[in-house]
Number of protein chains: 2
Amino acid sequence: MLSVWHTDSMSAASLRARIRAEMSDEIKAAARKHLAIEGANLSLRAVARDLGMASSALYRYFASRDELLTALIIDAYDAVGAAAEAVPVFPTAPQRWVEIAHAVRNWALANPHEWALVYGSPVPGYQAPSDTIGSATRVIFAFARVVAEAATTGHAAAGSPVDGQLGEEFHALAELALPGMAPQLAGRAMAGWIQVCGAVSAELFGQLANTIDARREFFEFQMRGTVDWIGLKA
Amino acid sequence: MLSVWHTDSMSAASLRARIRAEMSDEIKAAARKHLAIEGANLSLRAVARDLGMASSALYRYFASRDELLTALIIDAYDAVGAAAEAVPVFPTAPQRWVEIAHAVRNWALANPHEWALVYGSPVPGYQAPSDTIGSATRVIFAFARVVAEAATTGHAAAGSPVDGQLGEEFHALAELALPGMAPQLAGRAMAGWIQVCGAVSAELFGQLANTIDARREFFEFQMRGTVDWIGLKA
DNA sequence: CTCCTTTGTGAGCACTGCTCTCAGTTAAGA
DNA sequence: TCTTAACTGAGAGCAGTGCTCACAAAGGAG
């Protein structure tokens, strides 16, 4: 739906297309800058002003403000995924989980508004186009890989099985991560990821104000609890 | 700062003041209705139109849009706190925690935009006035009471102590909940509350889309994990 | 070279939060 | 009781927003 210009039957990256892509990136960069300053209520006109162009020209690249935000969301998903993947492989599974979690938190602290865009409350009347879910899974897989490898090397507790529809959904998750993996372990991993997500959001969205100041230590405390509950062993 | 009309040295609830309070409530009710329909970007003019009054008249009651939102936030905190307090006392500590968590989740599912207002990403350039933190603690105390009582009746595991600044902050938390309570238990309770918060937000903000459909069962699964990790025993 | 798609412009529409001045009304003080 | 001051509402207006539309350059495709 977005492919106004089609690249088939012409040079794979025509000059026009490349310039267009660069312009797109410039717009996104400017938008990101504005996002970092004033928060989620991003002004297209301000972005256009920053780039020295008429606001209407911006609509040649993004059909609407929501579409620009969606592009930023996808980029943010990719960025946090990349941050998680860039973590070196630590010797034990619990360490790996905790270090990846720290990487995610560090990225969020460095890019709070982008984190809010992605994991905060949906901005307008909630859209979440399906384009995003591809990039969204990247960071989850970074965690899933840790648990899957721990499962194969016997460093993950099995835990009691889960039946019913939830059990089946856990099974489907397990098959995605590692065929033959215990479904309940996949379920605990998913819940663990949500704990990561929740801990970071709680800190960023002000839930710890006037309560916890030792933020990094508290996050570490929480993540240690998460790996314990998931059943990762050294 | 908000007390334009002072109630001292006159009848405690003068007619003017009461009418003003009623009008305030009407505005908030209309705003809540609009919030439920179109989400966080609440339009003062639309609210005023709904009430059949000029938009400028609304500023006699709330100095700005942010102040109206703050009032809604406080009400929402109170509402979720009330929902948590209304839960009947179940026989065991784990049950109590899980049932209160379900009450919180049910309230959030019934009032998703208000939940987003309170526990989602801060709307504008982040304000969070100190008026809110009083109401914010209400729901937390509902959970804290469960853990505190379990601690006194020997239904909560002690766990290994935490030192450093975080240990001191846990100690301060413990003193608030129950003087003499083990600091690390208070810390785990706080982390547990954040897990409740994170689980509800993850469901509401679309993190489970295309992954988990058995939402209630998954939430129960998560909460069972939370009480296990906190160390609550039947 | 001639088309024709693409890119950018500026005016304009409907909307927003907010301020200001200008009535009315109501409550308090002499 | 009358007067005065505080309160409440209305409307115009300002600066800003997202978005649309006709129009003008400009570049590649044939």
Would you be so kind as to tabulate the donor-acceptor pairs closer than 3.5 Å made by side chains of residues 193-212 of chain A, with sequence neighbours excluded?
{"residue": "A:Gln195", "atom": "OE1", "partner": "A:Thr226", "partner atom": "OG1", "Å": "2.7"}
{"residue": "A:Gln195", "atom": "OE1", "partner": "B:Gln195", "partner atom": "NE2", "Å": "3.4"}
{"residue": "A:Gln195", "atom": "NE2", "partner": "B:Gln195", "partner atom": "OE1", "Å": "3.4"}
{"residue": "A:Ser201", "atom": "OG", "partner": "A:Trp115", "partner atom": "NE1", "Å": "3.0"}
{"residue": "A:Ser201", "atom": "OG", "partner": "A:Cys197", "partner atom": "O", "Å": "3.2"}
{"residue": "A:Glu203", "atom": "OE1", "partner": "A:Arg105", "partner atom": "NE", "Å": "2.9"}
{"residue": "A:Glu203", "atom": "OE2", "partner": "A:Arg105", "partner atom": "NH2", "Å": "3.0"}
{"residue": "A:Thr211", "atom": "OG1", "partner": "A:Ala209", "partner atom": "O", "Å": "3.1"}

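Partners of B:Phe219 according to the ring pair (Phe, Tyr, Trp, His ring centres under 6.0 Å) rule, which considers only residues two or more places apart in sequence or in another chain, are B:His102. Take B:Ala84 and apply the side chain to side chain contact (heavy atoms under 4.5 Å, CB included) test, not counting sequence neighbours, and it matches B:Ile100, B:Val104, B:Val139, B:Ala142. Under the rule for a side chain to side chain contact (heavy atoms under 4.5 Å, CB included), the partners of A:Ala79 that lie at least two apart in sequence or sit in another chain are A:Trp107. B:Asp213 pairs by the salt bridge (Lys or Arg N to Asp or Glu O under 4.0 Å) definition with nothing, not counting sequence neighbours. Every salt bridge (Lys or Arg N to Asp or Glu O under 4.0 Å) that B:Arg224 has, sequence neighbours left out, goes to B:Glu220.
Rounded to an integer number of Å, the gap from CG of B:Leu58 to C1' of D:dA10 is 13 Å. One atom, CG of B:Asp50, and another, C1' of C:dT16, lie 16 Å apart when rounded to the nearest Å. Spacing between atom NE2 of B:His34 and atom P of C:dG17 amounts to 11 Å, rounded to whole angstrom units. Atom CG in A:Leu51 sits roughly 11 Å away from atom P in C:dT9 (whole-Å rounding). B:Glu67 places its CD atom 15 Å from the P atom of C:dG17, with the value rounded to the nearest Å. Distance, A:Met53 CE to D:dA25 P: 18 Å, rounded to whole Å.
In this model, the phosphate group of C:dG8 is approached by a side-chain N or O of A:Tyr61 to a distance below 4.0 Å at OP1 or OP2.
Axis orientation changes by 0° from one end of the helix from C:dC1-D:dG30 to C:dA30-D:dT1 to the other, with each end axis drawn from 5 pairs and the value rounded to 10°.
Between A:Phe170 and B:Phe218, the angle of the ring planes goes over 60°, which puts this pair in the perpendicular group of the 30/60° scheme.
Residue pairs meeting the side-chain hydrogen bond (donor to acceptor under 3.5 Å, both in side chains) criterion with at least one member in residues 168-178 of chain B, sequence neighbours excluded: B:Gln165-B:Glu169.
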Practice task
Quick one, give me the B/S/- string for nucleotides 11-21 of chain D, reading 5' to 3', where B means a protein heavy atom under 4.0 Å from the base and S means that only happens at the primed atoms, P, OP1 or OP2.
Solution key: B-B---BBBBB
